[in-house]
Amino acid sequence: MTASPIAHYGRISCLLHWGMAALFAIQFVIAGVHFAFPDTALEEAVWGAHMPLGALLMLLVVVRVLWAVIDRPQRPSALNRAASLGHLALYALMVGVPVLALLRQYGSGRAFAPFGVPLMPGFEGEEVEWMTALGGLLHGELAWALLALIAGHVGMVLWHRRMGGLDVLGRMTAR
């Protein structure tokens, strides 16, 4: 990869990145509670936020991708091919995981209105089994894969700073 003369991401990119990072942290804590403490008052208290928060994250990832395309000339270049592929994988999972959840939701026939905004109506009759099966099979597993990639992403930021002498974290802090 060729080095870009641009050293930092802009304010909007930083806001989207860190805002989504915070929402993903909350989402994974909620999923962890759901996994570790099923059928408890704690799970009941937090699990209702999972689907609306997932819908918000899906919207934000679409905004983030559109902004990345619009803002491309003002963005630093990737450090190397591995970084590019890692970011591509992150984006693929950030889109794919909620798409599978929406597919499962639609196939179930249940309405979905996060934050009171109707995204899909419910329907009467039998569920669409292939939709619910595919979403049920892959949504959770790919979400945990996304968490592993996020952990790797954070790990590489720390590794670059400690071992490589590069402050890649500084690229994603607003100036």
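Because only heavy atoms are used, hydrogens play no part in the values below, and waters and symmetry mates are left out as well, while side chains stay in. Throughout, numbering of the chain's residues begins at 1 and tracks the sequence.
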>> To the nearest 0.5 Å, what is the distance between CE on Met20 and CG on Leu56?
In response: 8.5 Å

> Quick one: side-chain contact (heavy atoms from CB on, under 4.5 Å) partners of Leu149, sequence neighbours excluded?
Replying inline: Ala89, Leu90, Leu93

> Taking only residues two or more places apart in sequence or in another chain, which ones pass ring pair (Phe, Tyr, Trp, His ring centres under 6.0 Å) with His17?
Replying inline: none

> side-chain contact (heavy atoms from CB on, under 4.5 Å) with Leu138: which residues, sequence neighbours excluded?
Replying inline: Leu100, Leu134, Leu142

>> Test of understanding: with ring pair (Phe, Tyr, Trp, His ring centres under 6.0 Å), list the residues that count as partners of His160, not counting sequence neighbours.
In response: none

> In chain order, what residues pass the ring pair (Phe, Tyr, Trp, His ring centres under 6.0 Å) check against Tyr106, with sequence neighbours excluded?
Replying inline: Phe123

> Are Val65 and Leu85 connected in the hydrophobic side-chain network, where two residues link if heavy atoms are under 4.5 Å apart?
Replying inline: no

> Among pairs that include at least one residue of residues 90-99, which meet side-chain hydrogen bond (donor to acceptor under 3.5 Å, both in side chains), considering only residues two or more places apart or in two chains?
Replying inline: Arg64-Tyr91

>> Once side-chain contact (heavy atoms from CB on, under 4.5 Å) is applied, do any residues pair with Leu88, and if so which ones, sequence neighbours excluded?
In response: none

>> My understanding is that only residues two or more places apart in sequence, or in another chain, count here; which of them pass side chain to side chain donor-acceptor pair (under 3.5 Å) with His139?
In response: none

>> Under the rule for side-chain contact (heavy atoms from CB on, under 4.5 Å), what residues qualify as partners of Val95, not counting sequence neighbours?
In response: Met58, Val61, Val99

>> Taking side-chain hydrogen bond (donor to acceptor under 3.5 Å, both in side chains) as the cut-off, I'd like each qualifying pair that reaches into residues 42-63, sequence neighbours left out, listed once.
In response: Gln27-His50, His34-Glu43

> Under the ring pair (Phe, Tyr, Trp, His ring centres under 6.0 Å) test, which residues partner Phe35, sequence neighbours left out?
Replying inline: none

> Apart from Met156 itself, which Ile, Leu, Val, Met, Phe, Trp or Tyr residues share its cluster (side-chain heavy atoms under 4.5 Å, direct or through members)?
Replying inline: Trp159, Met163

> Arg171 pairs by side chain to side chain contact (heavy atoms under 4.5 Å, CB included) with which of Val157, Leu79, Leu166, Ile6?
Replying inline: Leu79

> Would you call Leu103 and Trp130 a side-chain contact if the rule is heavy atoms closer than 4.5 Å?
Replying inline: yes

